[in-house]
Amino acid sequence: MPFLNDLFVNLSYWIHGFLARFLPLWAADLIMMLLTIACLIVFALITIMFINWLERKVIGRFQDRYGPNRVGPLGILQFVADAIKMFTKEDITPANADRVIFNLAPVMVVVPTFLILAVLPFGRGMVAADLNIGFLYIVAISSLTTIAILLAGWGSRNKYSLLGGMRVVAQMISYEVPMVLSALGVIMLTGSLSLVSIVEGQSRVPFILLQPLGFLIYFISAIAEVNRAPFDLPEAESEIIAGYHTEYSGMKYAMFLLAEYINAFIVAAIAATLFLGGWQGPSLPPYVWFFLKAYAIYFVLMWLRGTLPRLRIDQLMGLAWKFLVPLALVNLLVMGLVATLTQGKGLFPLVLASLVANGLIVAAVVIIYAFAMRRRRQVEVAA
Amino acid sequence: MLGLGILKGLSVTLRHFVETYVSDLKRFPHRYAPQGRARRLRPTERGIFTVQYPEERLEMFPRFRGALMQLTNPETDIPKCTGCGICARFCPVGVIEVVRAEEKRDGQYVPQSYSWDLSACLFCGLCVESCPFGALYHTPEYELSTYGRQKGELIYDLDRLLAWGQKYAPLGTPPVEQEE
Amino acid sequence: MQTVETRLRTETITLNMGPQHPSTHGVFRMIITLDGETIVDLEPVMGYLHRCQEKIGERNTYLQNIPYTDRLDYICSMSNNLAYVMAVEKLAQIEVPERAEYIRIIMVELTRIVNHAVAIGALLNDLGCFFTPMLYALEERERILDLFEMASGSRMMCNYMRFGGVRYDLPPGFMPELKSVVAALPAFIDEFERLLTDNEIMRIRCQGVGILPPDVAVGYSCTGPLLRASGVDYDIRKVDSYSIYDRFDFDVPLGTNYDVYDRYLVRIEEMRQSVRILEQAIEQIPEGEVSVKLPRVFKPPEGDVYHRIESPKGELGFYLVSDGSTNPYRYKIRSPTFINLTVLPELCKGHKVADVVAILGSIDIVLGEVDR
């Protein structure tokens with residue numbers, strides 16, 4: 001169905017052509033840009049509402065219950081009730097808070113998340129801005145969130161918030177390293193930072209088959225990057241109430257919630273883009289494939305949240321620096337070797353060699369782990 | 001070891017996730033129990049466990065200690081209660097107040113006033129246990145909340161208790177072994 | 001001194017955890033002194049739920065105290081009932097019919113399963129599980145509470161035990177229901193274990209955290225699963241057997257590493273042992289009377305008595321002084337969690353903030369009983 005396949009792209013061409021008929025070209029371009037931005041923001045808001053509902057439903061199912069089912073059919077309008085509650089709550093600024101920082105933080109948290117949407121390829125040709133440094137842009141922009149959250153934690157003048165803010169900084173900076181290192185493997189294969197070329201590079205085989213280990217590392221560090229369970233320490237409810245947004249209420253709290261959900265979706269979308277082939281897929285329209293893959297990954301995120309307890313801060317940092325970073329480096333080295341050795345030999349040897357190499361790395365990890373455990377047991381026996 | 005335990009845990013939750021849909025499919029056209037009469041999931045069954053309360057209700061067990069009721073003697077049509085006040089004396093928190101009427105009715109003492117304060121009641125059942133005349137029993141009523149406590153909505157007088165008695169007495173005497 | 005001077009000077013912060021905090025299991029307050037995320041000092045503050053239970057106990061008659069014992073540890077009201085009525089029975093030297101003893105054991109062991117399931121669920125909540133283990137535990141609890149409601153008329157505030165027996169005999173249909181619930185319990189415990197026991201995150205969070213050596217545990221007079229996880233073989237059902245526990249065959253699980261994880265394992269194993277006791281009790285339960293007749297105005301002889309049982313949380317004891325009137329002259333509760341809780345600062349020092357809630361969860365407190 002070529003009509004459905006390029007529905008949104010053709011729609012944008014049609015609107016642009018329509019506008020260009022009685023407007024100068026620059027004005028038509030400008031209006032198209034604004035329209036795209038509006039579309040993205042509306043998309044983000046709808047996604048948040050949908051994801052919020054979906055997550056509660058799915059986790060409810062994990063726990064043998066229905067989840068929200070009172071407002072609207074299947075509880076689909078639950079977010080309306082929630083939003084009304086959020087809007088009508090009293091907006092409190094704590095007496096001793098740093099007013100400027102305190103009020104600035106929620107805005108600063110939301111803005112970067114919307115900026116990232118600009119480079120996501122939702123389908124063939126469906127990308128607001130095809131930056132040639134797309135991935136670098138994502139990494140750079142998402143680091144901004146760290147500062148915003150630190151501002152929130154510091155400006156609230158609350159010890160829980162401060163602890164949460166400090167945890168965020170430690171966690172997000174640490175996990176950026178393995179995340180970027182594991183994504184480098186993908187970039188190495190395509191030779192481009194642009195997300196569009198990365199997707200196009202997966203037309204024959206998705207990179208998850210070439211780099212399952214890289215995908216795993218990316219996935220783990222991405223979960224940590226967006227502070228989701230089991231790495232949700234910055235807002236660990238049972239320890240530090242709500243972490244950096246303990247003191248926020250009403251609309252400002254909603255902003256944090258918004259940023260959190262859209263970030264989680266973006267991470268799932270980026271993982272789908274980098275490793276699962278983005279919008280590539282047979283028979284269905286490209287954008288449908290994209291959302292299928294993104295929501296499949298998001299389902300795993302919800303699944304993890306519904307099952308696992310959370311780590312402690314020192315264990316979290318240990319996982320990043322003692323396990324993920326070395327593993328990512330080894331993975332990068334080995335994958336680079338494989339890519340170079342099989343260059344020009346066709347697809348099948350590349351896939352085979354990659355899988356063998358990944359298997360070897362996993363075997364090495366298991367062996368090292370077994371040795372370490374044996375050593376530890378010997379030490380314990382000796383002691 | 002190396003994430004295998006996590007995978008094991010994940011398989012457990014996934015099983016619950018899938019089984020909720022299986023149980024949904026089994027009662028497919030109906031979302032709620034027919035006539036709103038819910039049944040707790042048997043220990044061997046799996047699936048959605050929760051009871052969707054306003055649409056579905058569990059049936060109370062015969063011994064369920066709900067709100068109190070006063071029974072009427074069906075032959076003489078006067079309350080079985082004689083206003084002896086033993087229930088008030090047995091009550092650990094003193095939510096029952098009884099005043100016995102000056103003169104007898106049909107050769108039996110009757111209460112002049114009887115009030116039960118729901119707001120402080122423990123629902124321990126010592127009043128029912130102590131009643132020597134079998135006049136006081138529990139109903140299966142449990143939806144007792146009101147919108148305020150200023151207007152005395154939570155204080156039940158004799159008439160309201162007797163009305164409940166009229167409503168539930170035909171269902172048979174609750175299976176409470178009386179001492180006398 | 002050299003090292004101190006060259007180190008970067010940092011300040012400690014004082015954090016008030018509670019009385020309103022998501023994971024203090026009620027209104028419990030901890031004043032924590034933190035160096036970064038590490039705990040330097042911890043001071044537990046109790047008493048936010050103090051309801052003068054002991055003074056009320058002196059005001060009430062002996063019978064009126066039974067519903068109040070329900071409200072001590074509201075997770076396991078049946079075993080609170082049992083401890084109190086056994087103390088009064090000891091005081092007044094009342095013989096309990098055989099069937100009533102069995103009914104009591106069944107109820108109390110079901111309570112133990114309920115308590116341990118909820119304790120583990122709450123511990124996992126504190127560790128950051130998003131309610132999933134808690135809700136699985138509550139599912140099983142609902143079924144057991146249905147049994148309680150069937151027998152006594154109330155789910156949590158059972159008020160079922162009486163001096164010299166129980167309130168009423170088991171209703172028709174109770175035994176088949178009980179059998180089906182008990183038959184399904186091992187599968188539930190297995191699933192719970194599959195979900196949690198091997199989970200790496202659970203392990204690294206719990207192993208080596210909150211180590212309570214046996215001598216310290218005894219020194220603080222800890223009891224219950226907390227003490228047994230510290231490797232001390234002390235179960236009142238065995239060492240000071242009461243009721244008819246000597247007729248049942250069961251083991252007392254002990255910990256080897258004395259940490260939070262061991263407390264979890266001990267609780268899981270105790271649930272299995274309770275299932276064993278229940279199976280034997282179902283087989284052996286005789287027919288007959290379930291209560292003895294007592295005068296409506298119950299006056300025990302003068303004297304004092306202390307009776308203790310192994311409640312799911314530890315040694316629950318009632319000390320009663322009678323002056324021969326209808327009310328106790330003195331009514332003292334030795335609540336296990338209050339005494340177990342005093343060891344908390346000892347356990348927490350040097351750990352991280354996140355460990356405090358895990359350790360607190362592993363002690364398994366109910367504030368209704370701590371503050372009384």
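Order of the sequence lines fixes the chain letters, A, B, ..., with proteins taken first and strands second; residue numbering starts at 1 for each chain.
Neither the backbone nor the side chain of C:Arg203 comes within contact range of chain B; no heavy atoms are under 4.5 Å apart. Only the side chain of C:Tyr68 comes within less than 4.5 Å of a heavy atom of chain B; its backbone N, CA, C and O stay farther away.
Within 6.0 Å of CZ on C:Phe174 lie more than 12 heavy atoms contributed by other residues, nucleotides or ligands. In C:Gln207, the CD atom is crowded: over 12 heavy atoms of neighbouring residues, nucleotides or ligands sit closer than 6.0 Å. The number of heavy atoms from other shown groups lying within 6.0 Å of CD (B:Glu143) is above 12. Counting non-hydrogen atoms of neighbouring residues, nucleotides and ligands closer than 6.0 angstrom, the OH atom of B:Tyr53 exceeds 12 such neighbours. Sparse packing is recorded around OH of C:Tyr329, with 12 or fewer heavy atoms of other residues, nucleotides or ligands lying under 6.0 Å away.
A donor-acceptor contact closer than 3.5 angstrom is absent between the side chains of C:Glu139 and B:His16.
When every heavy atom of B:Gly9 is checked against every heavy atom of C:Leu195, the shortest pair comes out as O-CD1, 3.5 Å. Between C:Cys158 and B:Arg65, the shortest heavy-atom contact is O-NH1, 3.1 Å. Between C:Asn159 and B:Cys124, the shortest heavy-atom contact is ND2-O, 2.6 Å. When all heavy atoms of C:Glu191 and B:Val12 are compared, the closest pair comes out as CG-CG1, 3.6 Å.
Separation of atoms CG (B:Leu122) and CE (C:Met157) is listed at 9.5 Å; rounding is to 0.5 Å.
Scanning for ring pair (Phe, Tyr, Trp, His ring centres under 6.0 Å) contacts around B:Phe49 gives an empty result, with sequence neighbours left out. Scanning for ring pair (Phe, Tyr, Trp, His ring centres under 6.0 Å) contacts around C:Phe148 gives an empty result, with sequence neighbours left out.
Of the listed residues (C:Arg194, C:Arg143, C:Met202), the greatest number of heavy-atom pairs within a distance under 4.5 Å of chain B belongs to C:Arg143. Contacts with chain B were tallied for C:Glu140, C:Arg155, C:Arg162; C:Arg162 has the most, counting heavy-atom pairs under 4.5 Å. Comparing C:Leu63, C:Thr61, C:Leu135, C:Leu196 by heavy-atom pairs within less than 4.5 Å of chain B, the highest count is held by C:Leu63.
No side-chain heavy atom of B:Leu4 sits less than 4.5 Å from a side-chain heavy atom of C:Asp198. At least one side-chain heavy atom of C:Ser180 sits less than 4.5 Å from a side-chain heavy atom of B:Arg42. Residues B:Met60 and C:Glu149 are in side-chain contact: their nearest non-hydrogen atoms beyond the backbone lie under 4.5 Å apart. Proximity of B:Arg63 to C:Pro171: side-chain heavy atoms (C-beta onward) are separated by under 4.5 Å at one or more points. When side chains are defined from C-beta on, C:Asp146 counts as touching B:Phe61, because their heavy atoms get closer than 4.5 Å.
The stretch residues 121-134 of chain C places C:Thr132 near chain B, each with some heavy atom under 4.5 Å from a heavy atom of that chain. Residues of residues 84-98 of chain B having a heavy atom under 4.5 Å from any heavy atom of chain C, listed by number: B:Ile86, B:Arg89, B:Phe90, B:Cys91, B:Pro92, B:Val93.
Between the side chain of C:Asn199 and the backbone N or O of B:Ile6, no donor-acceptor pair lies under 3.5 Å.
The pair C:Glu193-B:Lys8 does not count as a salt bridge, with every side-chain nitrogen at least 4.0 angstrom from each carboxylate oxygen.
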